[in-house]
There are 2 protein chains.
Amino acid sequence: MTSVIVKEEAVASETKTRMVEGAARLLAMQGLQGTSFSEVLELTGAPRGSVYHHFPEGKDQLIAAAIDLAGSRALQAVDDWAGRTPVQVTEAFLGLWRSVLVRSELRAGCAVLAVTVATDSPDLLAAAADVFRSWRVRLAALFETGGLQPQAAARFAATLVAASEGGVVLSRAEQSMEPFELVAAELVERAASAATPA
Amino acid sequence: MTSVIVKEEAVASETKTRMVEGAARLLAMQGLQGTSFSEVLELTGAPRGSVYHHFPEGKDQLIAAAIDLAGSRALQAVDDWAGRTPVQVTEAFLGLWRSVLVRSELRAGCAVLAVTVATDSPDLLAAAADVFRSWRVRLAALFETGGLQPQAAARFAATLVAASEGGVVLSRAEQSMEPFELVAAELVERAASAATPA
DNA sequence: GTCTATACGAAGATAGAC
DNA sequence: GTCTATCTTCGTATAGAC
């Protein structure tokens with residue numbers, strides 16, 4: 001019986017999941033403004049009648065779900081890097097963002113950042129904060145395991161997240177990978193020197 | 001006669017200037033979505049009839065002007081730092097953003113970034129790119145003068161801009177100066193070690 | 001769960017008087 | 001240069017049938 005319920009829920013949430021994924025993609029490409037229900041429905045092919053069935057609280061609920069999705073996906077990737085050196089973790093995190101830029105031909109960025117700078121909802125801001133904080137904390141944990149002191153690990157984790165986000169924005173604006181790659185090179189070098197203190 | 005013309009232009013552009021400044025402030029606080037004509041007029045007290053008189057090309061023209069304003073203001077500050085050491089320049093640039101955060105009680109960020117992640121206009125993207133590039137170039141020049149090699153200077157300038165922008169976003173989301181200050185400490189230390197190579 | 005239709009408001013933009 | 005009025009489009013949200 002449990003299996004039946006699970007299956008029903010899975011079926012029921014399929015459209016919902018597609019909408020959340022679509023919203024996350026649109027946020028990354030067009031920002032909060034460009035992520036309207038119409039756009040989401042067009043992108044996902046979801047039926048218009050499903051909107052307020054799946055998201056009774058309206059747009060904010062959809063956006064919050066998209067933020068959570070984007071956040072947890074990156075977090076899963078980070079957790080796969082356990083045991084790697086600080087340099088390897090740094091390169092892997094940068095690789096995540098590089099692929100976002102390259103695969104979108106420099107048209108996409110970070111969905112969470114896009115919401116942060118465009119919303120006036122405390123709830124959405126808090127959802128974004130949870131994501132950023134979780135990234136920082138998990139990265140810092142990896143750096144600690146990799147040999148950095150706790151404070152140095154926390155500092156470098158914050159810098160890695162901030163500089164990656166900023167590098168993505170710069171490259172999007174300039175329509176060139178140059179700024180991002182400059183930042184990436186600097187971060188990798190910094191990770192190397194932090195891991196082998198004088 | 002020239003003075004008369006100049007005066008007329010000055011008077012004519014006073015409302016226009018106020019609108020551009022208001023737009024820049026709103027962009028930094030509420031993003032592109034929240035920077036509507038209504039909001040700009042309410043904030044600046046400008047007459048509604050002036051909108052399409054001063055900005056015949058519509059909203060994009062106003063936003064482009066706001067980007068230029070925000071960009072050139074920061075650039076003026078950077079140019080005032082000629083002769084300073086890399087560490088001092090880094091601290092000054094970070095100070096610019098720290099004051100944006102603190103004075104707004106963590107409610108404002110970078111207007112140029114807000115446009116970059118929310119627009120679909122190639123013109124606005126290009127305007128944002130010009131700003132970011134100019135910041136990177138001028139900062140790199142100061143770092144070169146301060147003793148860094150050209151490539152190292154360009155790399156650290158890009159990192160300083162990117163990490164500052166990202167740090168502002170993180171602190172806004174988390175409603176705490178912590179992430180920004182972690183990033184700031186890391187950047188200052190990096191500037192110090194870059195200026196005195198092993 | 002999904003559909004159509006529609007209400008409602010906001011925002012960008014235009015017209016014409018003053 | 002400024003004002004009022006208006007038009008259009010779009011986005012959110014709701015209602016009620018299927």
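Residue numbers start from 1 in every chain, and the chains themselves are labelled A, B, ... in the order their sequence lines are given, proteins ahead of strands. All heavy atoms count here, side chains included; hydrogens, waters and symmetry mates do not. Since the structure is predicted, the reported quantities are computational estimates derived from the model, not experimental observations.
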Output a table of donor-acceptor pairs, distance under 3.5 Å, between side-chain atoms of residues 149-163 of chain B and any protein atom two or more places apart or on a different chain; print 'none' if there are none.
from   : atom 1 : to     : atom 2 : distance (Å)
B/R155 : NE     : A/E186 : OE1    : 3.2
B/R155 : NH2    : A/E189 : OE1    : 2.6
B/T159 : OG1    : B/R155 : O      : 2.9

For residues 79-101 of chain A, which residue pairs qualify under salt bridge (charged side-chain N to carboxylate O under 4.0 Å, His left out), counting only residues two or more places apart or in two chains? A/D79-A/R138, A/R98-A/E181
Sequence neighbours left out, cut at 3.5 Å: what donor-acceptor pairs do the side chains of residues 55-66 of chain A make with other protein atoms?
from  : atom 1 : to    : atom 2 : distance (Å)
A/K59 : NZ     : A/L32 : O      : 3.2
A/K59 : NZ     : A/T35 : O      : 3.0
A/Q61 : OE1    : A/E57 : N      : 2.9

Using whole Å, what does the distance between atom P of nucleotide C/dG12 and atom CZ of B/F55 come to? 13 Å
In chain order, what residues pass the salt bridge (charged side-chain N to carboxylate O under 4.0 Å, His left out) check against B/R18, with sequence neighbours excluded? none
Integer-rounded Å distance: D/dC10 P and A/E42 CD: 12 Å
Spacing of A/L41 atom CG relative to C/dT4 atom C1', expressed in whole Å: 14 Å
Once each nucleotide of nucleotides 11-18 of chain D is scored for protein heavy atoms under 4.0 Å, what B/S/- sequence comes out, 5' to 3'? SSBB----
Solution key, residues 115-126 of chain A side-chain donor-acceptor pairs under 3.5 Å, sequence neighbours excluded:
from   : atom 1 : to     : atom 2 : distance (Å)
A/T116 : OG1    : A/V112 : O      : 2.9
A/T119 : OG1    : A/S121 : N      : 3.0
A/S121 : OG     : A/D123 : N      : 3.2
A/S121 : OG     : A/L124 : N      : 3.1

